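Report on the following structure.
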There are 2 protein chains.
Amino acid sequence: MTESKAPRRRSDATRTAILKAARARFAADGYERATVRAIARDAGIDPSMVMRYYGSKEGLFAAVIDVELVLPNLGAIPVEDVGGVLIGHFLDLWENDSVLQTLLRVGATNEAGAARMREVFAGQILPLAERFVVTRADAERRAALVASQVLGMALVRYVLRFGPATDMSREDVVAWLAPTVQRYITAEAP
Amino acid sequence: MTESKAPRRRSDATRTAILKAARARFAADGYERATVRAIARDAGIDPSMVMRYYGSKEGLFAAVIDVELVLPNLGAIPVEDVGGVLIGHFLDLWENDSVLQTLLRVGATNEAGAARMREVFAGQILPLAERFVVTRADAERRAALVASQVLGMALVRYVLRFGPATDMSREDVVAWLAPTVQRYITAEAP
DNA sequence: ACTGTATGCCAACACTCGTTGACTTCGGCG
DNA sequence: CGCCGAAGTCAACGAGTGTTGGCATACAGT
């Protein structure tokens with residue numbers, strides 16, 4: 001997101017340790033229950049270090065959610081595979097990167113988290129929808145529909161942990177959700 | 001949920017004032033940020049009253065989420081209208097009752113909230129799915145899929161407040177989501 | 001080796017939280 | 001009236017929070 005120019009400070013190890021611990025805590029507990037003290041303990045350093053390097057708890061959270069989320073080669077896929085590819089992509093993101101889990105947990109009660117979540121989906125899904133639709137308003141609506149299904153599955157599967165949702169295999173999820181997303185993006189408006 | 005037998009205590013007005021304020025605060029702020037002191041202030045009484053009548057903050061929260069959510073005449077509707085009726089029903093619930101908003105906000109970081117959310121959907125959607133499907137496991141999976149779409153729309157529309165999602169009319173939401181839900185419940189497994 | 005700066009820890013501050021117990025007021029009943 | 005329990009207020013406690021400043025230590029440049 002922001003540039004990572006490199007004065008190569010000696011404290012980089014500590015900085016990344018804090019960031020790593022913060023990612024895990026925010027993703028698991030949300031903003032309020034993830035305490036600076038717990039994050040510092042996980043990182044093996046003193047809580048005051050967090051303040052020195054990130055200014056405040058809010059600043060630390062901002063650093064955690066300030067990451068790029070890339071949707072690969074969205075342009076090269078056949079029209080009829082858009083739904084499947086998109087679902088597969090987001091499943092990967094959700095299982096290999098804690099940022100989306102963090103945003104989902106924090107966004108429920110924290111405006112900064114909600115705002116970042118809106119940014120992510122506007123940046124990822126909107127451009128895709130705009131390729132299949134003429135008006136901006138229509139594209140936005142379709143992107144919102146796709147977001148509702150993608151985020152909803154993430155919610156029941158990774159946050160609320162509905163048994164049947166967690167039991168589904170990756171292939172099952174793709175097979176069920178891909179047609180839905182495909183329709184939201186490419187079907188005529190009802 | 002639990003019975004509301006009536007010794008008709010003189011303090012009933014205070015009890016309900018607390019409960020009303022608690023519903024609003026929990027729904028707006030989630031569990032951690034909704035403080036007992038703020039709830040008491042809204043209700044116009046002393047924080048110690050909350051403890052007297054509900055034992056603890058946790059007890060108060062339990063009282064808030066301990067409510068019936070009724071899905072009306074689910075048996076009498078034609079098979080092909082299941083999706084539309086179900087979406088319409090949940091939209092009503094979300095807009096006229098703060099309990100689901102509370103559960104969605106709190107469930108993201110609080111296990112009691114998540115558990116209650118699972119109960120609600122197991123009680124509301126699972127029975128519906130079981131009428132169209134033979135095996136229990138299949139019904140559970142379909143109910144989870146429906147839950148993912150319903151909760152996802154609630155998330156983007158009422159919690160994260162994606163602009164395009166909040167702009168959609170009730171009819172638009174039903175028109176777009178009904179076929180999805182219909183398919184999750186009645187279509188053959190892919 | 002000396003010095004200045006970056007790095008880290010420690011103890012404390014100011015504040016808010018949920019919760020408690022003692023005290024006062026009210027309302028009905030003899 | 002006089003009583004008594006219920007209803008409500010008040011001040012405080014103990015724990016936990018984010019945050020701060022002072023002090024020790026390790027490192028790099030000269």
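Here is the naming used below: chain letters follow the sequence lines, and residue numbers restart at 1 for every chain. Quick caveat: nothing in here was measured; it's all calculated off a predicted structure. The figures here come from the full heavy-atom set of this structure, side chains too, leaving out hydrogens, waters and symmetry mates.
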Between CD1 of B:I18 and P of D:dA7 the distance, given in whole Å, is 11 Å
Whole-Å distance, B:R15 CZ to D:dA6 P, equals 12 Å
For A:A139 and A:V133 the tightest heavy-atom approach is N-CG1, 3.5 Å
The residue among B:R141, B:R136, B:R142 that forms side chain to side chain donor-acceptor pair (under 3.5 Å) with B:D138 is B:R142
In whole angstroms, the gap separating P of D:dA24 from CG of A:D46 amounts to 16 Å
Here the distance between atom C1' of C:dT7 and atom CG of A:D12, to the nearest Å, is 12 Å
Q. What does A:S56 touch in the nucleic acid at a heavy-atom separation under 4.0 angstrom: a base, only the sugar-phosphate, or nothing?
A. sugar-phosphate
Per atom distances to the A:I45 side chain, the nearest of D:dT19, C:dC9, D:dC10 is C:dC9
Whichever of A:R41 and A:G55 has the more 5' nearest nucleotide on DNA chain D, that residue is A:R41
Testing C:dC9, D:dG8, C:dG21 for proximity to the side chain of B:T14, the answer is D:dG8
Heavy-atom nearest nucleotide on DNA chain D taken for A:K57 and for B:R37; more 5' hit belongs to B:R37
Within 6.0 Å of CD in A:E58, more than 12 heavy atoms from elsewhere
no
Rounded to whole Å, CE of A:M49 lies from P of D:dG21 at a distance of 14 Å
note: A:D29, atom CG; D:dT17, atom C1'; distance rounded to Å ~ 15 Å
Assert: residue with more 5' nearest nucleotide on DNA chain C, out of A:Y53 and B:R52, is A:Y53
Taken to the nearest whole Å, CD/A:E32 to P/C:dC15 is 20 Å
Between CD1 of A:I39 and C1' of D:dG18 the distance, given in whole Å, is 12 Å
A:R183 and B:T180 side chains, donor-acceptor separation under 3.5 Å: yes
Winner on side-chain proximity to A:T35, out of D:dT17, D:dG8, C:dG8, is D:dT17
Are more than 12 heavy atoms, taken from residues, nucleotides or ligands other than A:R131, located less than 6.0 Å from that residue's CZ atom? yes
